[in-house]
Amino acid sequence: MSAKEPHYAVKFAERYGSATDAYLNAQTALARLEELIEDATDLKGNFDKWVPTDTRWAPWVGGEIISYYWVGFVTCLEWHARSRLVDLLTFKPSAAKTDDLRVIKEKVVIEMFAANVTLPSIVGAVTNVSNFDDYMNIFSRIFKSFDENTNAWDALKAQRQNTGAPWVDESEFDDLVNLYFSRNDLVHEIGITRLGHINVRDRLDPDEAIRLGKLVQRTMLAIEALITAKLPPEFPNLLDSSGNPTDVLVRIEQEIVKYEDRIGRLTTAFTDSPVDKDENWEPAKSASAEYIIKEKTFLDNAQILHNRYVEMREPLKLALVRARHAYLKQVVDMVGEVWDVDDASGGNP
């Protein structure tokens with residue numbers, strides 16, 4: 001008799017908790033959506049060539065597979081919401097709610113420890129985003145965790161840059177709601193909308209698939225624009241105005257420089273009278289900088305780290321600088337706590 005499988009949430013958390021399989025993020029949802037839109041565009045070109053519009057039996061008679069873009073688009077919305085909920089709970093654990101823990105029973109806790117997975121990733125695994133209200137409520141929760149007066153609907157209604165129009169027009173809200181109904185009907189039921197007369201079948205044509213895909217894309221980009229504008233710059237997996245990941249490595253390295261500068265000033269701040277700088281600080285800082293340069297050279301050139309399918313170098317560079325960042329932050333925090341130093345820069349760098 002085989003051993004019982006681990007809880008599905010633990011398996012999910014293991015699957016997406018690896019630095020080389022870090023697909024649980026907003027950029028992944030947008031990238032997948034873009035591929036689906038491109039795929040629908042290519043299919044439309046093929047259908048227009050081999051089954052011209054004037055030969056079709058309206059509203060649409062063609063490849064049934066087109067309807068499954070409903071499934072893909074909803075999956076992207078769900079992945080977007082779940083990934084950002086994980087980001088919230090990772091960054092701000094105090095934002096957790098009792099309902100988030102409803103599946104965390106004793107057996108699951110034991111499996112979590114054994115698999116070394118985090119609570120936020122478990123919550124992400126068990127969260128359902130079964131309709132558009134669920135999607136919007138998750139993002140409203142995220143925004144309100146930082147600003148009580150901001151909600152997700154503000155993002156959709158905001159003006160899209162250089163257009164003079166909102167990201168999503170109010171007339172399009174029903175399309176987003178109905179997207180879930182169509183998806184649910186398609187994957188869970190076989191009724192008149194699938195096997196009835198051709199005139200009553202519910203089918204998605206290529207043009208409509210492309211339009212809906214672009215609507216979902218605008219919805220997600222609108223949410224991300226408000227996240228970037230409203231949330232702290234340290235919030236995980238932030239995107240730029242084009243929906244591309246911000247350079248976390250550069251940001252952390254900039255913070256390291258600020259921490260190092262602050263520690264240099266802290267060495268003179270213990271008393272009211274002047275104190276010479278600690279003679280060991282500058283050599284220690286220089287040695288660390290040289291060490292990091294050599295480690296990066298190793299990471300860039302080690303043959304074992306070159307793989308055409310899995311990116312290992314960038315996650316390892318992040319691990320390298322994050323270790324330095326964590327150490328410097330602990331020095332600053334510990335000195336400030338023990339000596340009650342009120343440094344002029346105040347707080348984090």
Side-chain angles (χ1 to χ4, degrees), residues 1-32 71-72 74-130 134-135 137-139 141-142 145 227 231 234-239 245 248-249 252 295 299 302 304-327 329-330:
M1 183 176 179
S2 60
K4 189 173 181 181
E5 284 286 308
H7 191 277
Y8 75 91
V10 175
K11 292 177 67 176
F12 177 94
E14 279 191 294
R15 192 158 57 247
Y16 294 103
S18 166
T20 57
D21 198 8
Y23 286 95
L24 186 59
N25 55 64
Q27 195 274 332
T28 295
L30 282 164
R32 174 61 174 159
V71 180
V74 169
T75 300
C76 290
L77 288 168
E78 180 179 22
W79 202 248
H80 186 209
R82 292 166 75 185
S83 69
R84 281 306 189 193
L85 181 58
V86 172
D87 289 340
L88 171 67
L89 298 181
T90 301
F91 182 77
K92 191 175 182 179
S94 61
K97 297 181 178 180
T98 303
D99 285 349
D100 295 330
L101 311 179
R102 63 190 181 279
V103 301
I104 313 301
K105 299 180 174 61
E106 181 178 342
K107 178 179 180 298
V108 179
V109 172
I110 294 172
E111 290 182 7
M112 283 174 57
F113 281 120
N116 193 29
V117 297
T118 66
L119 180 60
S121 60
I122 294 291
V123 174
V126 302
T127 296
N128 292 320
V129 192
S130 56
D134 287 347
Y135 176 83
N137 288 338
I138 286 174
F139 283 105
R141 171 185 174 181
I142 292 171
S145 294
I227 284 177
L231 272 53
E234 300 84 14
F235 193 79
N237 300 308
L238 286 182
L239 305 180
V248 179
L249 185 64
I252 294 176
E295 287 283 12
L299 294 176
I304 197 172
L305 300 178
H306 288 252
N307 185 295
R308 70 179 68 183
Y309 302 116
V310 180
E311 174 55 60
M312 291 180 277
R313 288 163 294 175
E314 290 307 306
L316 288 171
K317 286 180 184 178
L318 274 174
L320 177 68
V321 299
R322 278 175 170 155
R324 175 67 175 170
H325 182 276
Y327 164 71
K329 183 179 186 302
Q330 188 166 1

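FYI, the numbering just counts along the sequence from 1. As the structure is a computational prediction, the values presented were derived from the model and not from experiment.
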* Structure fact -> Between the CZ atom in R322 and the CG atom in L249, the distance rounded to the nearest 0.5 Å is 9.0 Å

* Asked: Sub-3.5 Å donor-acceptor pair from the side chain of E295 to the main-chain atoms of L320, do we have one?
  -> no

* To do: Go through the structure and list residues passing side chain to side chain contact (heavy atoms under 4.5 Å, CB included) with A319, not counting sequence neighbours.
  => none

* Structure fact -> Those residues at least two apart in sequence (or on a different chain) that pass salt bridge (charged side-chain N to carboxylate O under 4.0 Å, His left out) with E14 are none

* Interatomic distance, I227 atom CD1 to L88 atom CG [nearest 0.5 angstrom] -> 9.5 Å

* Structure fact -> salt bridge (charged side-chain N to carboxylate O under 4.0 Å, His left out) filter on E311, not counting sequence neighbours, yields R313

* Asked: Excluding sequence neighbours, so at least two apart, what forms side-chain hydrogen bond (donor to acceptor under 3.5 Å, both in side chains) with R32?
  -> none

* With V310 via side chain to side chain contact (heavy atoms under 4.5 Å, CB included) - residues at least two apart -> T20, N307, M312

* Structure fact -> Here the pair of heavy atoms bringing H80 nearest to S83 is O-OG, 2.9 Å

* Asked: What residues form a side-chain hydrogen bond (donor to acceptor under 3.5 Å, both in side chains) with Q330, not counting sequence neighbours?
  -> none

* Can you name the side chain to side chain contact (heavy atoms under 4.5 Å, CB included) partners of V123, sequence neighbours left out? -> L85, L89, D100, L119, T127

* Asked: Partners of T75 by side-chain hydrogen bond (donor to acceptor under 3.5 Å, both in side chains), sequence neighbours excluded?
  -> none

* Structure fact -> Sorted by chain and number, sequence neighbours left out, side chain to side chain contact (heavy atoms under 4.5 Å, CB included) with L316 holds for L299, L305

* Asked: Would you say V129 and L77 make side-chain contact, with heavy atoms under 4.5 Å?
  -> no

* Asked: With sequence neighbours excluded, what pairs up with T28 under the side-chain hydrogen bond (donor to acceptor under 3.5 Å, both in side chains) test?
  -> N25

* Structure fact -> The reported gap from OG in S121 to CG in L24 (rounded to nearest 0.5 angstrom) is 8.5 Å

* ring pair (Phe, Tyr, Trp, His ring centres under 6.0 Å) against Y16, all qualifying residues, sequence neighbours excluded -> F12, W79

* Structure fact -> The complete set of salt bridge (Lys or Arg N to Asp or Glu O under 4.0 Å) pairs with one or both residues in residues 87-98, sequence neighbours excluded, reads R84-D87

